[in-house]
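In the text below, chain A, chain B and the rest are named by the order of the sequence lines, each starting its count at 1. Below, each value reflects all heavy atoms present in this structure, side chains not excepted, and no hydrogens, waters or symmetry copies.
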Protein chains: 2
Amino acid sequence: MVTNTKDTDALLALQKAGISKTSQRLAVLNILLKATRPLNANTIRQALKTKASIDKVTVYRVLSIFKKSGMIREIASAGGANYFEMVSLENPLHPHFSCRNCGTFVCMEPAPFIKMPELILSKDDYSIEHIEINISGLCADCRDTTKTES
Amino acid sequence: MVTNTKDTDALLALQKAGISKTSQRLAVLNILLKATRPLNANTIRQALKTKASIDKVTVYRVLSIFKKSGMIREIASAGGANYFEMVSLENPLHPHFSCRNCGTFVCMEPAPFIKMPELILSKDDYSIEHIEINISGLCADCRDTTKTES
DNA sequence: TAATTGTTGCAACCCGGTTGCATTTTTGAT
DNA sequence: ATCAAAAATGCAACCGGGTTGCAACAATTA
Ligand SMILES: [Mn+2]
Ligand SMILES: [Mn+2]
Ligand SMILES: [Zn+2]
Ligand SMILES: [Zn+2]
């Protein structure tokens with residue numbers, strides 16, 4: 001097998017973004033495309049280790065150019081490593097949740113929240129370029145197990 | 001001069017929180033009480049250097065116990081050092097702004113935004129303990145000077 | 001007094017991320 | 001296909017924020 005659908009998707013995405021094609025970039029992009037939650041640089045690297053070996057630095061550099069091209073967004077994480085996820089019309093900016101107990105980091109539906117653009121009101125003291133809403137606490141699993149443990 | 005009002009305030013705050021009094025703790029607390037914007041550990045230390053010398057580790061440890069006691073809150077900063085500010089009834093949780101150009105980090109009035117508690121709706125998938133809204137872009141100064149430069 | 005407990009400072013370390021530079025890969029023109 | 005220019009990678013070394021281990025010092029308590 002020379003190519004699969006994933007590879008094709010990634011290749012097209014790179015071409016559309018005008019980013020030259022390398023095996024490392026394709027590999028990282030495929031991981032991000034398959035991901036169902038935000039990933040950090042190290043997780044991406046480990047996911048890749050089975051197939052190919054990519055240097056830590058390269059992962060950061062690849063993520064950096066993806067971000068500059070608008071393909072992905074970076075989500076800052078308090079204390080730990082930052083996360084990355086694909087940007088698309090179906091995946092607009094939204095809040096994220098991290099569990100203080102197990103560290104799980106997931107996207108939150110914007111639904112139950114006031115929509116992010118509506119947060120940007122008046123106040124021309126600043127020109128706002130990015131909004132990040134990070135929520136922390138306990139995920140359902142940790143909340144429940146903690147409850148029954150005590 | 002043995003005591004001034006600031007020292008008295010800090011001392012009372014420590015006593016009320018049940019935190020034993022040391023010169024280092026009083027010094028750090030005084031800096032935070034005087035501050036008009038969030039400060040990071042290093043800034044606190046530098047502000048202190050003129051009067052006394054406090055080890056980096058001690059600053060972090062003092063901030064840690066202040067935080068545990070609920071006297072201060074910590075505001076995560078993407079990439080850089082975290083910030084700290086006093087907690088009080090007059091200073092409820094609010095969004096913060098950081099300028100990507102000059103690094104200025106300031107508190108934002110909750111006013112133009114939907115109030116934070118109102119963000120916490122339904123979705124019992126998580127037990128929410130903390131919400132952080134970090135906004136970035138250009139401060140008024142940087143926006144204006146950048147505009148006229150180009 | 002002596003034993004206990006808590007706090008500080010120093011050094012060493014950890015981790016996420018970046019930089020310099022030599023080597024390899026990709027590109028694109030011939 | 002070839003070959004030179006340009007771009008990307010990998011390694012090592014580094015950086016900054018923050019933490020940990022531990023010995024010295026200080027304050028409490030018996
Ligand atoms: Mn997300
Ligand atoms: Mn604030
Ligand atoms: Zn959890
Ligand atoms: Zn600025």
> Closest approach of B/K21 and B/L11, non-hydrogen atoms and distance?
Replying inline: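 That would be CD-CD1, 3.7 Å.
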>> Tell me the closest heavy-atom pair linking B/V87 and B/I72, and the distance in Å.
In response: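 In terms of heavy atoms, the two residues are closest at CG2-C, 3.4 Å.
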Nearest-Å distance, [atom1] ([X]) to [atom2] ([N])?
| X | N | atom1 | atom2 | value |
| --- | --- | --- | --- | --- |
| A/D55 | D/dC11 | CG | P | 6 Å |
| A/L26 | C/dT25 | CG | P | 16 Å |
| A/F84 | C/dG17 | CZ | P | 6 Å |
| A/L39 | C/dG16 | CG | P | 15 Å |
| B/F105 | D/dG17 | CZ | C1' | 15 Å |
| B/K68 | C/dT7 | NZ | P | 11 Å |
| A/I54 | D/dT9 | CD1 | P | 8 Å |
| A/I75 | C/dG16 | CD1 | P | 17 Å |

>> Looking at A/M86, is its backbone amide N or carbonyl O close enough to the side chain of A/N91 to form a donor-acceptor pair, meaning the two atoms are under 3.5 Å apart?
In response: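 Such a contact is found between A/N91 side chain and A/M86 backbone.
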> Would you say B/N40's side chain and B/Y83's backbone share a donor-acceptor pair under 3.5 angstrom?
Replying inline: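 Side chain of B/N40 to backbone of B/Y83, a donor-acceptor pair under 3.5 Å: no, none is there.
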>> Is it the case that the base of C/dG9 and the side chain of B/R61 share a donor-acceptor contact (distance under 3.5 Å, atom types as modelled)?
In response: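 Indeed there is one.
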>> Looking at the base of C/dG17, is there any donor atom on it, or on the side chain of A/K56, that sits under 3.5 Å from an acceptor on the other one?
In response: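 Side chain to base: pair found, below 3.5 Å.
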Looking at [N], I'd like to know if its phosphate oxygens (OP1 or OP2) sit under 4.0 Å from a side-chain N or O belonging to [X].
| X | N | value |
| --- | --- | --- |
| B/N40 | D/dG17 | no |
| A/N82 | C/dG17 | yes |
| A/T22 | D/dT9 | yes |
| A/T58 | D/dA8 | no |
| A/Q24 | C/dT25 | no |
| A/Y60 | C/dT18 | no |

> Reckon A/S53 touches a base, only the sugar-phosphate, or nothing at all at heavy-atom distances under 4.0 Å?
Replying inline: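 Answer is sugar-phosphate: A/S53 comes under 4.0 Å of backbone atoms only.
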> Between C/dT19, C/dC10, C/dG16, which one does the side chain of B/V57 approach most closely?
Replying inline: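 In terms of side-chain proximity for B/V57, the closest of C/dT19, C/dC10, C/dG16 is C/dC10.
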> At what distance, to the nearest 0.5 angstrom, does CG of B/D144 lie from CG of B/L138?
Replying inline: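 B/D144 atom CG to B/L138 atom CG measures 9.5 Å (nearest 0.5 Å).
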>> Judged by each residue's nearest nucleotide on DNA chain C, which is more toward the 5′ side, A/S23 or A/G80?
In response: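 Taking each residue's closest nucleotide, the earlier one in sequence belongs to A/G80.
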